Amino acid sequence: MKLPDLAAYERDGFLVLEDFLPAAECDALQARAAELVAGFAAPARRTVFSTEDQRHADDRYFSESGDAIRFFFEEAATDQPTALALNKIGHALHDLDPVFDRVSRRSELAELARALGLDQPLLLQSMYLFKQPHIGAPVDWHQDATYLYTQPSTVTGFWIALDDADRDNGCLVALPGGHRGPLRFRRGGGRLATETLDATPWPAVSPVAIEARRGTLVVLHGKLPHASTPNRSSRSRHAYSLHVIDGRADYPADNWLQRPTLPLRGFA
């Protein structure tokens with residue numbers, strides 16, 4: 001694998017690596033997600049995931065999903081069939097499903113993690129993100145380290161486009177260089193309370209739209225402010241997201257995501 005541009009990563013807080021995941025592997029993840037959805041019996045009461053009101057934080061189905069494969073719905077989904085109403089599947093696909101496990105532990109990802117300075121990488125969280133046509137909700141500005149907190153901060157996001165992602169169907173947007181600022185919030189403890197760590201506003205820089213062709217990997221620094229736009233197009237914007245931490249860092253017991261039945265593993 002060609003080594004990433006570490007200078008650009010240090011400067012911007014993100015990297016865009018085109019043609020990282022072969023088309024056959026994109027196909028495999030999408031096909032497996034469709035199988036999981038087909039086997040999911042949607043409950044009468046749907047757990048909705050939204051970054052705007054955080055009501056899901058009080059739902060045990062969500063808060064205890066760190067060592068499970070669970071399904072979360074779009075807030076705007078009304079009469080859509082399940083396959084067109086889901087927001088995401090999470091949060092242990094990489095450990096509990098053989099297809100996602102194989103792709104998540106590709107040697108190229110392991111090599112990339114080491115190049116980024118993760119000496120003891122541990123795969124913490126995975127999500128299959130749907131961003132459904134017409135109803136795919138935006139994701140507010142945030143830093144991943146707010147939700148996956150380590151001391152020191154080590155969480156790194158690997159986001160893979162499984163469909164072409166652009167401004168029309170909900171691509172990522174980022175504040176380049178914003179990772180060099182402080183971590184503003186931490187979410188954890190009882191009822192997933194939000195603690196303000198630093199009141200510094202988001203940096204006054206122009207957001208950059210990270211448009212990504214299918215198979216592109218976007219690497220996100222854990223303190224990079226980023227978001228995604230809504231999908232108001234007729235096209236889907238599927239993506240697979242994997243978050244990795246360094247095993248040398250402390251992962252506090254009051255982080256929202258816990259895995260009591262599933263010890264963390266690395267890429268091996």
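All values reported here derive from a predicted model rather than from experimental measurement.
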| When Ile, Leu, Val, Met, Phe, Trp and Tyr are grouped by side-chain heavy atoms lying under 4.5 Å apart, directly or through other members, which residues fall in the same group as Y149? | L183, L197
| Under 3.5 Å, is there a donor-acceptor pair between the side chain of E195 and the main chain of G188? | no
| request: Please answer: with hydrophobic residues joined when any side-chain heavy atoms are less than 4.5 Å apart, are I135 and V48 in the same cluster? | output: no
| said: Is it true that, when you exclude R232 itself, more than 12 heavy atoms of the residues, nucleotides or ligands shown sit nearer than 6.0 Å to its CZ? | reply: yes
| Quick one: are C26 and L162 in side-chain contact, heavy atoms under 4.5 Å? | yes
| query | What are the two closest heavy atoms between H94 and H91, and how far apart are they? | reply | CE1-O, 3.7 Å
| Contact check, side chains of I89 and F72, non-hydrogen atoms, under 4.5 Å | no
| task | Could you tell me which non-hydrogen atom of L6 sits nearest to which non-hydrogen atom of L116, and how far apart they are? | result | CD2-CD2, 3.9 Å
| field | Pairing of D95 and R105 as salt bridge, 4.0 angstrom limit | value | yes
| message | If hydrophobic residues (ILVMFWY) are linked whenever their side-chain heavy atoms come closer than 4.5 Å, directly or via other members, who joins V205 in its cluster? | response | W141, V173, L175, W202
| query | Can D168 and R237 be counted as an ion pair, charged N to O under 4.0 angstrom? | reply | no
| said: Nearest 0.5 angstrom please: I245 CD1 to S153 OG, how far? | reply: 10.5 Å
| query | Under 4.5 Å between any side-chain heavy atoms of E108 and F20, yes or no? | reply | yes
| note | Value for CG (D246) from CG (L118), rounded to nearest 0.5 Å, stands at 5.5 Å
| message | Applying a strict under-4.5 Å side-chain criterion to I, L, V, M, F, W and Y, I'd like to know whether V103 and I69 cluster together. | response | yes
| task | Supply the atom-to-atom distance F158 CZ to H243 NE2, rounded to the nearest 0.5 angstrom. | result | 10.0 Å
| query | Yes or no on side-chain contact (heavy atoms from CB on, under 4.5 Å) for V244 and F267, after CA distance, side-chain angles and deciding distance? | reply | CA-CA 10 Å; V244 180; F267 284 98; 4.2 Å; yes
| task | Compare every heavy atom of R102 with every heavy atom of A28, then report the nearest pair and how far apart it is. | result | CB-NH2, 4.0 Å
| Donor-acceptor pair, side chain of D5 and main chain of A7, under 3.5 angstrom | yes
| query | Should R186 and D254 be marked as a salt bridge (charged side-chain N to carboxylate O under 4.0 Å, His left out) after you check the CA-CA gap, both sets of side-chain angles, and the distance that decides it? | reply | CA-CA 11 Å; R186 186 187 170 210; D254 64 349; 2.3 Å; yes
| Is the distance between the ring centroids of W159 and H226 under 6.0 Å? | no
| query | Do L122 and L242 share a hydrophobic cluster (ILVMFWY, side-chain heavy atoms under 4.5 Å, transitive)? | reply | yes
| Student check: side-chain heavy atoms of Y147 and V155 closer than 4.5 Å | no
| field | CZ-CD distance between R213 and E18, expressed to the nearest 0.5 angstrom | value | 4.5 Å
| query | Do the side chains of L172 and L217 join up, straight or via other hydrophobic residues, at under 4.5 Å, putting them in one cluster? | reply | no
| said: Using the rule salt bridge (Lys or Arg N to Asp or Glu O under 4.0 Å), only one of D164, D27, D166 pairs with R214; which is it? | reply: D27
| query | In chain order, what residues pass the side-chain contact (heavy atoms from CB on, under 4.5 Å) check against A249, with sequence neighbours excluded? | reply | T150, P152, T154
| message | salt bridge (charged side-chain N to carboxylate O under 4.0 Å, His left out) for D163 and K131? Distances and angles first, verdict last. | response | CA-CA 10 Å; D163 291 319; K131 193 73 83 168; over 6 Å; no
| message | Rounded at 0.5 Å granularity, tell me how far CG in L124 sits from CG in L264. | response | 5.5 Å
| said: Quick check against the 3.5 Å criterion: does N231 have a side-chain atom that pairs as donor or acceptor with the backbone of R235? | reply: yes
| field | side-chain contact (heavy atoms from CB on, under 4.5 Å) evaluation trace for W256 with R187 | value | CA-CA 7 Å; W256 86 265; R187 192 159 178 83; 5.7 Å; no
| field | Nearest-0.5 Å distance that lies between atom CG in L129 and atom CD1 in I160 | value | 11.0 Å
| said: Could you check, using the six-membered ring where one of them is a Trp, whether Y128 and F130 have ring centers closer than 6.0 angstrom? | reply: yes
| query | So, the side chain of R106 versus the backbone of L109: is there a donor-acceptor pair under 3.5 Å, distance only? | reply | no
| Full working for side-chain contact (heavy atoms from CB on, under 4.5 Å) between L257 and R259 | CA-CA 7 Å; L257 189 143; R259 294 163 45 109; 4.1 Å; yes
| task | Verify the cluster assignment for I210 and L15: are they in a single hydrophobic cluster under the rule of side-chain heavy atoms below 4.5 Å apart? | result | no
| said: With side-chain contact (heavy atoms from CB on, under 4.5 Å) as the criterion, how do V219 and F14 come out once you've worked through the C-alpha distance, each side chain's angles and the decisive distance to 0.1 Å? | reply: CA-CA 5 Å; V219 182; F14 66 90; over 6 Å; no
| request: Over 60° means perpendicular and under 30° means parallel, so classify the ring planes of Y240 and F100, tilted if in between. | output: tilted
| field | Flag side-chain contact, heavy atom, 4.5 Å: H142 against T146 | value | no
| request: Identify the heavy atoms of L224 and D12 that sit nearest to each other, and give their distance. | output: CD1-O, 3.4 Å
| message | Can you tell whether the side chains of R32 and E35 come within less than 4.0 Å, N to carboxylate O? | response | yes
| query | Under the 3.5 angstrom rule, does the side chain of Q125 hit a backbone N or O of S241 as a donor-acceptor pair? | reply | no
| note | Minimal heavy-atom distance between E74 and N87, with the atoms involved, is OE2-ND2, 3.3 Å
| Salt bridge between R265 and D101, side-chain N to carboxylate O under 4.0 Å? | yes
| Within the distance-only criterion (no hydrogens, no angle test), does the side chain of Q143 pair as donor or acceptor with the backbone N or O of F185 below 3.5 angstrom? | no
| said: Could you check whether any side-chain N or O of E211 sits under 3.5 Å from a backbone N or O of R167, counting only pairs where one atom can act as donor and the other as acceptor? | reply: yes
| note | Nearest heavy-atom approach of A113 to P121 is CB-CB, 4.2 Å
| task | Check the angle between the aromatic planes of Y9 and H221 and answer parallel, tilted or perpendicular using the 30° and 60° thresholds. | result | tilted
| task | Flag the pair L29 / V99 as yes when at least one side-chain heavy-atom distance between them is below 4.5 Å, and no otherwise. | result | yes
